[in-house]
Amino acid sequence: MHVLVTGGAGFIGSHTVVSLLERGHRVTIADDFDNSSPKVLDRIEAITGIRPELAEVDLLDEAAFDAAFAAAKPDAVIHFAGLKAVGESAADPLRYYAHNLGSTFSLLRAMKRHDVSTLVFSSSATVYGDVQQPPYTEDGGRLDATNPYGMTKVMLERILRDIAGAESGWHIALLRYFNPIGAHESGLIGEDPSGIPNNLAPYILQVAVGRLPRLSVFGDDYPTADGTGERDYIHVVDLAEGHVAALEKLATTEGARAWNLGTGTPTSVLQMIAAFEEASGRPIPYSVGPRRAGDLPQSWADTGRAEAELGWKATRDIADMARDGWRWQEQNPRGFSD
Ligand code: UFG
């Protein structure tokens, strides 16, 4: 199958492109490198021996995107492109709503014009808000979010369901990611945040490599085993393989359907620090600070639906995630700028 991957040069996108190529699919990346590096294409080629095709285009430039889509003639789309920083979204909601919704509308109109009806959409566990107690099940309650970034995912899930409900023939996967970390085992691709990382694993890695002096642990008075926040971290290669499984499942699934992509196992901030100290052989200095506004105590997936329906299950554990994340950071201390 020929798959157009929007945001295919990004962290999750690049790992998914590798999994698609390894599985024998043809890939065109659509990316404007706004928050990613063109070097990713060389690295994907080094890993797989295949250079993905590239459409360097901004989805918000609808005419240019439509022309690129028409030229590529894909059979299916995996849509990663979008803004994703929670704090930034709270500071500038208009930018987030306009960008994430507008770019998806541009994509959907191109798909309709060119008769492409298979779409895998990057959603997030953030759509569970604080409605359910974990483990979160796909149909366990209404969707909600505590910030505009998360709300764009809630809205886009609804929009995609409405479209698939109104028109027959759509095949849409809504993939709700838990906390993707780690890197490809080659150390050639990984997460390369711009500026100070917002998320725990890239922050820890930059402390380990000496780019940042110490980690602040956001609260140790949560009702959890050690008092720090617990999350369902998933190896990005497991996540990538989940996309391939979902894409292949869509051949026999009509409408829009949600699947959680997580491991089902929570890990605390202190356990993460210990895992990365072990993997890197370096101390991770930290101090305990106040809670971060909007953080939940705990989040983890019910993985039953993905296992039963996609035939997919995460196989890599926290030690694998820390080892592969560290290999990427050690080999590329300044990410793709090295
Ligand atoms: N944390 C720290 N110090 C830090 C960063 C994080 O203690 O410097 C803690 C947080 O309080 C939380 C845990 O580490 O307990 C994980 O935090 P992350 O920022 O790595 O991840 P979140 O679960 O907060 O957010 C992630 C994604 C969002 C997504 C959300 C829900 O970043 O995009 O999961 O799926 F919306």
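Read the numbers this way: they start at 1 and go in the same order the structure lists the ligands and their atoms.
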Worksheet item: Which protein heavy atom lies closest to atom 9 (C) of ligand 1, and at what distance to 0.1 Å?
Response: Val269 CG2, 3.7 Å
Discussion item. Below 4.0 Å from ligand 1: does a non-hydrogen atom of Tyr286 turn up there or not?
Written reply: no
Discussion item. For Lys84, I'd like to know if atom NZ has over 12 heavy atoms of other residues, nucleotides or ligands within 6.0 Å.
Written reply: no
Worksheet entry | Minimum-distance protein heavy atom relative to atom 11 (O) of ligand 1 | Asp295 OD2, 2.6 Å
Worksheet item: Are the aromatic rings of His15 and Phe80 close, with centres under 6.0 Å apart?
Response: no
Worksheet item: Of all the non-hydrogen atoms in the protein, which one sits nearest to atom 27 (C) of ligand 1, and at what distance?
Response: Asn199 ND2, 3.9 Å
Practice prompt. Report yes or no: does Thr6 contribute a side-chain atom to a donor-acceptor pair with the main-chain N or O of Ala30 at less than 3.5 Å?
Written response: no
Worksheet item: Can you list the atoms of ligand 1 that are under 4.0 Å from a heavy atom of Val217?
Response: 7 (O)
Worksheet item: Tell me, which protein residue and heavy-atom name are nearest atom 22 (P) of ligand 1, and how many Å apart are they?
Response: Asn179 ND2, 3.6 Å
Item to complete: Report yes or no: is the cationic atom of Arg291 (NZ for Lys, CZ for Arg) under 6.0 Å from the centre of the six-membered ring of Tyr222, at an angle within 45° of the ring normal?
Response: yes
Fill in: Residue-ligand contact Gly150/ligand 1, heavy atom below 4.0 Å
no
Worksheet entry | Min heavy-atom dist Tyr149 to ligand 1 below 4.0 Å | yes
Practice prompt. Would you check the N or O atoms of Arg231, main chain and side chain alike, for any that come under 3.5 Å of an N or O of ligand 1?
Written response: yes
Discussion item. Heavy-atom distances under 4.0 Å decide this one: backbone, side chain, both or neither, for Thr126 against ligand 1?
Written reply: both
Worksheet item: For atom 4 (C) of ligand 1, what is the nearest protein heavy atom, given as residue, atom name and distance?
Response: Phe218 CE1, 3.3 Å
Worksheet, complete the sentence: for atom 15 (O) of ligand 1, nearest protein heavy atom and its distance come out as Gly229 CA, 3.6 Å
Fill in: ligand 1 atoms in contact with Ser124 (distance to a heavy atom under 4.0 Å)
29 (C), 31 (C), 35 (O), 36 (F)
Worksheet entry | Backbone N/O of Thr224 and side chain of Gln298: donor-acceptor pair under 3.5 Å | no
Worksheet item: Taking heavy atoms and a distance under 4.0 Å, where does Asn198 meet ligand 1: side chain, backbone, both or neither?
Response: backbone
Practice prompt. May I ask you to identify, for Tyr233, whether its side chain, its backbone, both or neither come under 4.0 Å of ligand 1 on a heavy-atom basis?
Written response: side chain
Practice prompt. Output the list of atoms in ligand 1 that are nearer than 4.0 Å to some heavy atom of Ala125, sorted by atom number.
Written response: 35 (O)
Item to complete: Heavy atoms only: give me the nearest Val86-Tyr149 pair and the separation to one decimal.
Response: CG2-CD2, 3.9 Å
Worksheet entry | ring-ring contact (aromatic ring centres under 6.0 Å, His included) assessment of Tyr177 paired with His243 | CA-CA 10 Å; Tyr177 314 151; His243 285 72; 5.2 Å; yes
Fill in: Asp324 with Arg316: basic N within carboxylate O range, under 4.0 Å
no
Worksheet item: Is the shortest side-chain N to carboxylate O distance from Arg323 to Glu278 below 4.0 Å?
Response: no
Worksheet item: Taking the six-membered ring where the residue is Trp, are the ring centres of Phe121 and Trp170 under 6.0 Å apart?
Response: no
Fill in: Closest protein heavy atom to atom 17 (O) of ligand 1, given as residue, atom name and distance to 0.1 Å
Arg292 NH2, 3.4 Å
Discussion item. If the threshold is 4.0 Å, N to carboxylate O, is there a salt bridge linking Arg292 and Asp295?
Written reply: yes
Discussion item. Main chain of Arg211, side chain of Gln206: is a donor-acceptor contact present, judged purely on distance under 3.5 Å?
Written reply: no
Worksheet item: Which bit of Leu200 is near ligand 1, meaning a heavy atom under 4.0 Å away: side chain, backbone, both or neither?
Response: both
Response to the item:
Residue, atom and distance of the protein heavy atom nearest atom 3 (N) of ligand 1 read Ser216 O, 2.8 Å
